[in-house]
Amino acid sequence: MTDVRERDGLMSAGGPDDPADAKAQAIETYRLDQQVGFLMRVANQRHTALFAARMIEGLTPPQFATLAKLREVGPCSQNRLGRLVYLDAATIKGVVDRLRARGFVLTADDPLDRRRRAVGLSERGRAVADEAIVVAREITEATLEPLDEAERAEVLRLLRKLG
């Protein structure tokens, strides 16, 4: 029987070290459901569905991350806050503006540098952050539910390493 690659003209005459042969082999053996990006997206979709179904106050993941990080570090510049939650300057500005409109954060010009905005939790924002953190722990637990304790620790270790 003729090899599919041979039949379709994918085989080269150069032998096993030929780049065209290696490319054809890579294409033939590629399986989407074995690829890291695909698997991470599927896991993220599962986690995102859990998050959307359970998170309070209609918080989005970036909004929650912003509140949780402010709860953790206290007031800081908007620029620093964006770096801490891995959001670019334009995105963190939009997130902060939406949280401010909902009364969850307060902003002020930085007295030491007028180009900077300081961001902190309002009293209401602190209460929402506290409640959301409890829910976020439950979401994490549900996300990792199929794994045993050792697997959970290993997944978190590996994700930190990739980040």
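For this chain, numbers begin at 1 and follow the sequence in order. Note that the coordinates shown come from a computational prediction; the quantities given were computed from them, not determined experimentally.
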When clusters are formed by joining ILVMFWY residues with side-chain heavy atoms under 4.5 Å apart, either directly or through shared neighbours, do [X] and [Y] land in the same one?
X    : Y    : value
F64  : V135 : yes
V155 : V36  : yes
Y30  : V42  : yes

TODO: Might you confirm whether atom CD of Q45 has over 12 heavy atoms from other residues, nucleotides or ligands at distances under 6.0 Å?
DONE: yes
Between [X] (side chain only) and [Y] (backbone N and O only), is there a donor and an acceptor less than 3.5 Å apart?
X    : Y    : answer
E131 : A127 : no
R46  : T143 : yes
T91  : L87  : no
E151 : D148 : yes
R117 : D109 : no

So which atom in [X] and which in [Y] form the shortest heavy-atom distance, rounded to 0.1 Å?
X    : Y    : result
R152 : L147 : NE-O, 3.0 Å
L81  : V96  : CD2-CG2, 4.2 Å
P75  : L70  : CA-CD2, 4.5 Å
A65  : V85  : O-CG1, 3.5 Å
I56  : A132 : CD1-N, 3.6 Å
I139 : M55  : CD1-CE, 4.0 Å

Open item on the list: Under the rule for side chain to side chain contact (heavy atoms under 4.5 Å, CB included), what residues qualify as partners of E57, not counting sequence neighbours?
Closed with: L59, R102, F104, R124, V128
Say you draw a straight line from [atom1] of [X] to [atom2] of [Y]; how long is it, rounded to the nearest 0.5 Å?
X    : Y    : atom1 : atom2 : result
Q78  : I92  : CD    : CD1   : 6.5 Å
Q25  : E28  : CD    : CD    : 7.5 Å
R116 : T107 : CZ    : OG1   : 15.5 Å
L159 : M40  : CG    : CE    : 6.0 Å
T66  : Q63  : OG1   : CD    : 7.5 Å
L84  : R80  : CG    : CZ    : 4.5 Å

Task: salt bridge (charged side-chain N to carboxylate O under 4.0 Å, His left out) evaluation trace for K69 with E72 - done: CA-CA 5 Å; K69 188 52 76 171; E72 182 183 330; 3.2 Å; yes
Task: With T140 via side chain to side chain donor-acceptor pair (under 3.5 Å) - residues at least two apart - done: none
Task: R71 vs I133 side-chain heavy atoms within contact, under 4.5 Å - done: yes
Open item on the list: Can you list everything that forms a salt bridge (Lys or Arg N to Asp or Glu O under 4.0 Å) with K93? Sequence neighbours excluded, please.
Closed with: D97
Open item on the list: One thing to verify: whether R157 and E154 come together as a salt bridge, which I'm taking to mean a side-chain N less than 4.0 angstrom from a carboxylate O.
Closed with: yes
